Amino acid sequence: MSKENNIVTKRTVTFVNNATPATITETQLDLDHCFGDDEIVIAIKAAALNPVDFALHELSYPRFTSAAPKAYGRDFAGVIIRRGAKVDPKWQVGDKVNGSFNHIYGPEGSLSNYLIMNTKKQLAIDHIPATEDSDKDEFIHAAAWPLVFGTAYPALFKCGQTFNKDSRILVIGASTAVSNAFVQIAKKQLNVGTVVGICNSASVDYNKSLGFDYLVPYNQEGTIPDNVEKLMKENNIGKFDLIFDSVGSSDFFPVMDKFLKPRTENSYYVTVVGDEKINYKHPSLIGAIPYKVPFRTYNPWRKFNFAHFFCVPNKEWVDLGTRMIETGKYTPPIDSVFKLDQFQEAIDRLKSNRAKGKVIITPN
Ligand SMILES: NC(=O)c1ccc[n+]([C@@H]2O[C@H](COP(=O)([O-])OP(=O)(O)OC[C@H]3O[C@@H](n4cnc5c(N)ncnc54)[C@H](OP(=O)(O)O)[C@@H]3O)[C@@H](O)[C@H]2O)c1
């Protein structure tokens with residue numbers, strides 16, 4: 001490659017604070033000198049949006065944030081085009097990789113055509129598995145799962161529970177991308193016998209196709225707990241081992257003993273959101289602070305076991321996700337695909353709170 005060809009224009013979706021819109025920032029990148037010894041440069045082929053992307057933008061109040069551009073995007077899929085001298089030999093130029101790039105208000109993000117990342121610090125990265133149906137969309141599928149899979153994972157693996165065909169799980173927010181991953185891990189990897197989900201009546205068939213055994217619409221007459229109780233009676237379903245909330249709810253707190261097995265059986269209520277649904281149009285700072293979590297989790301007189309999990313980038317869940325895709329046990333649903341220049345449409349689609357699967361952005 002000639003010297004001139006090593007100079008490329010990097011285009012990244014960024015924002016400064018919540019008074020400024022998202023925009024594309026262009027910088028010149030010298031591909032031969034833009035990375036350190038522990039870093040790789042990835043030519044991004046696809047990236048996925050997550051609510052955390054627009055939430056961080058909405059919560060960046062001018063008074064408390066710097067004037068520097070802050071990048072959008074965590075989930076990525078692409079090809080390694082440069083590697084530093086001290087990078088582990090398992091990452092080679094030409095390798096197809098995907099993962100979740102962990103940052104808060106950083107200058108690098110996955111909604112870009114290039115991503116520079118330190119492979120010693122960023123642990124949620126893997127090679128894209130060659131599957132039977134690998135095709136031109138392989139990068140789109142590879143970008144569509146890391147963060148949501150890593151969010152569903154701890155609920156099923158970090159509470160010391162063991163699951164089998166007699167296990168029962170209730171999922172609040174069955175249609176979310178996080179629950180898309182959750183139900184596939186529960187049914188296809190852990191062979192959980194019964195998974196009940198709560199979703200819009202219009203989403204019942206969609207969620208059945210992903211593995212839910214029963215679905216309770218949240219938009220029907222009666223309260224959600226009453227309707228779940230009715231379904232349990234009609235289908236002879238006993239109390240649940242785990243209730244997983246991926247939407248933000250407190251509906252079951254006052255009546256937990258009707259739904260969750262006793263605490264002595266290591267049953268759990270797990271949330272990845274909190275007591276209230278996040279307002280996708282205008283997320284609130286107060287709503288984003290999980291201030292009740294320590295009391296709920298550690299109170300010795302608590303009536304039920306409680307955990308609030310966040311997606312922590314690590315190799316453990318990336319390995320499992322990659323293995324499940326390789327063996328055909330996991331397919332991340334795709335809602336829509338946009339070009340980088342259409343980033344605002346992509347953000348608006350996610351903010352509509354109607355997406356079914358991941359909203360993807362490709363750089364060209
Ligand atoms: N803790 C973490 O580390 C972490 C990581 C990722 C995400 N999250 C949080 O988890 C939540 C889900 O994220 P996601 O990316 O999976 O969401 P998403 O895919 O954007 O969720 C969209 C779905 O939400 C459903 N929905 C909308 N209103 C609902 C309601 N009132 N009750 C139940 N479902 C409703 C809709 O399905 P219906 O057709 O059924 O309405 C829609 O298809 C977000 O609040 C996000 O901030 C947390």
Side-chain angles (χ1 to χ4, degrees), residues 47-59 73-75 100-104 124 143-155 158 170-185 196-210 212 215-220 223-225 227-228 243-252 270-285 287-290 293 307-314 317 321 332-336 346-360:
L49 275 173
N50 287 282
V52 65
D53 293 314
F54 65 70
L56 285 174
H57 183 178
E58 294 280 346
L59 297 176
R74 278 134 191 89
D75 286 329
S100 188
F101 179 74
N102 189 32
H103 71 105
I104 292 184
W145 66 269
L147 192 140
V148 290
F149 192 96
T151 305
Y153 179 89
K158 294 294 171 191
L170 175 65
V171 176
I172 307 169
S175 315
T176 65
V178 171
S179 291
N180 297 166
F182 181 95
V183 71
Q184 294 187 66
I185 306 171
V196 178
I198 298 166
C199 66
N200 192 302
S201 54
S203 308
V204 165
D205 290 343
Y206 169 79
N207 286 318
K208 278 231 164 108
S209 73
L210 290 172
F212 282 94
L215 288 143
V216 178
Y218 60 71
N219 53 338
Q220 65 179 337
T223 69
I224 292 172
N227 288 324
V228 173
I243 299 180
F244 176 67
D245 176 16
S246 74
V247 80
S249 165
S250 54
D251 290 343
F252 288 88
V270 171
T271 183
V272 295
V273 181
D275 291 12
E276 278 174 34
K277 202 181 156 325
I278 292 171
N279 180 336
Y280 269 37
K281 295 272 187 254
H282 301 290
S284 91
L285 188 56
I289 300 170
V293 170
H308 188 140
F309 286 119
F310 293 89
C311 177
V312 178
N314 69 44
W317 58 258
I334 310 293
D335 176 80
S336 43
I347 294 169
D348 291 345
R349 174 62 188 157
L350 186 65
K351 279 188 165 187
S352 75
N353 207 191
R354 299 267 64 91
K356 290 281 167 298
K358 298 303 295 175
V359 175
I360 303 289

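Not measured: the values here are computed from a predicted model. Along the sequence shown, the residues carry numbers beginning at 1. Order of appearance sets the numbers: ligands from 1, and atoms from 1 within every ligand.
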Keeping the roles fixed (side chain from H103, backbone from G73), state whether a donor-acceptor pair exists under 3.5 Å. yes

Ligand-side contact atoms (ligand 1) for residue partner R354, heavy atom cut-off under 4.0 Å: 27 (C), 36 (C), 37 (O), 38 (P), 39 (O), 41 (O), 43 (O)

Starting at OG of S201, measure out to OH of Y218 and round the result to the nearest 0.5 Å. 8.0 Å

So which atom in P283 and which in I278 form the shortest heavy-atom distance, rounded to 0.1 Å? CB-CG2, 4.1 Å

In terms of atom number and element, which parts of ligand 1 are under 4.0 angstrom from non-hydrogen atoms of I278? 45 (O), 47 (O)

For atom 31 (N) of ligand 1, the closest protein heavy atom turns out to be K277 CD, 3.5 Å

Rounded to the nearest 0.5 Å, what's the gap from OG on S175 to CZ on F212? Could you check? 7.5 Å

Using a 4.0 Å cutoff against the non-hydrogen atoms of V247, which atoms of ligand 1 qualify? 29 (C), 30 (C), 32 (N), 33 (C), 34 (N), 35 (C)

Within less than 4.0 angstrom of ligand 1, does Y280 place any heavy atom? yes

Can you tell me if K356 and N180 form a side-chain donor-acceptor pair at under 3.5 Å? no

min-distance protein heavy atom vs atom 10 (O) of ligand 1 -> V273 CG2, 3.5 Å

Side chain to side chain donor-acceptor pair (under 3.5 Å) filter on N102, not counting sequence neighbours, yields none

Which atoms of ligand 1 sit under 4.0 Å from any heavy atom of L350? 20 (O)

Check whether D53 reaches the backbone of L49 with its side chain - one donor and one acceptor, N or O, closer than 3.5 Å. no

Of all protein heavy atoms, the one nearest atom 19 (O) of ligand 1 is A177 N, 2.9 Å

Just to verify, which of R354, K358, R349 counts as forming a side-chain hydrogen bond (donor to acceptor under 3.5 Å, both in side chains) with D335? R349

For L147, the ligand 1 atoms whose distance to one of its heavy atoms is below 4.0 Å: 5 (C), 6 (C)

Taking side chain as C-beta onward, heavy atoms only, is Y206 less than 4.5 Å from P333? yes

Do side-chain atoms of S179 reach the backbone of G173 as a donor and acceptor pair under 3.5 angstrom? yes

K277: partners by salt bridge (Lys or Arg N to Asp or Glu O under 4.0 Å), with sequence neighbours left out: none

Please round to the nearest 0.5 Å and tell me the distance separating atom CG of D75 and atom CZ of F101. 12.5 Å

Sub-4.0 Å heavy-atom approach of N50 to ligand 1: no

Look at atom 25 (C) of ligand 1 and say which protein heavy atom is nearest, naming residue and atom and giving the distance to 0.1 Å. N353 O, 4.2 Å

Nearest 0.5 angstrom please: F54 CZ to H282 NE2, how far? 11.0 Å

Backbone N/O of W317 and side chain of N314: donor-acceptor pair under 3.5 Å: yes

Looking at non-hydrogen atoms alone, which of S249, S175, G248, S179 comes nearest to atom 38 (P) of ligand 1? S175

Tell me whether G357 has any N or O atom under 3.5 angstrom from an N or O of ligand 1. no

Where is the nearest protein heavy atom to atom 48 (C) of ligand 1: which residue, which atom, and how far? V272 O, 3.2 Å

C199 neighbourhood, listing ligand 1 atoms whose heavy-atom distance to it stays under 4.0 Å: 40 (O)

For ligand 1, is there an atom lying under 4.0 Å from some heavy atom of A355? yes

Who's closest to atom 41 (O) of ligand 1 heavy-atom-wise, of F310, Y218, F309? Y218

Can you find an N/O atom of C311 closer than 3.5 Å to an N/O atom of ligand 1? yes

Which is closest to atom 11 (C) of ligand 1 in terms of heavy atoms, S201, P51, S246, S100? S246

Just heavy atoms, cut-off under 4.0 Å: does V178 contact ligand 1 by side chain, backbone, both, or neither? both

Out of all atoms in ligand 1, which are within 4.0 Å of some heavy atom of S203? Include the element for each. 38 (P), 39 (O), 40 (O)

Ligand 1 to N200, heavy atom cutoff 4.0 Å, flagged ligand atoms 38 (P), 39 (O), 40 (O), 41 (O)

Using a 3.5 Å cut-off on N or O atoms only, is K358 in polar contact with ligand 1? no

Given I172, N207, T151, identify the one with the heavy atom nearest to atom 4 (C) of ligand 1. T151

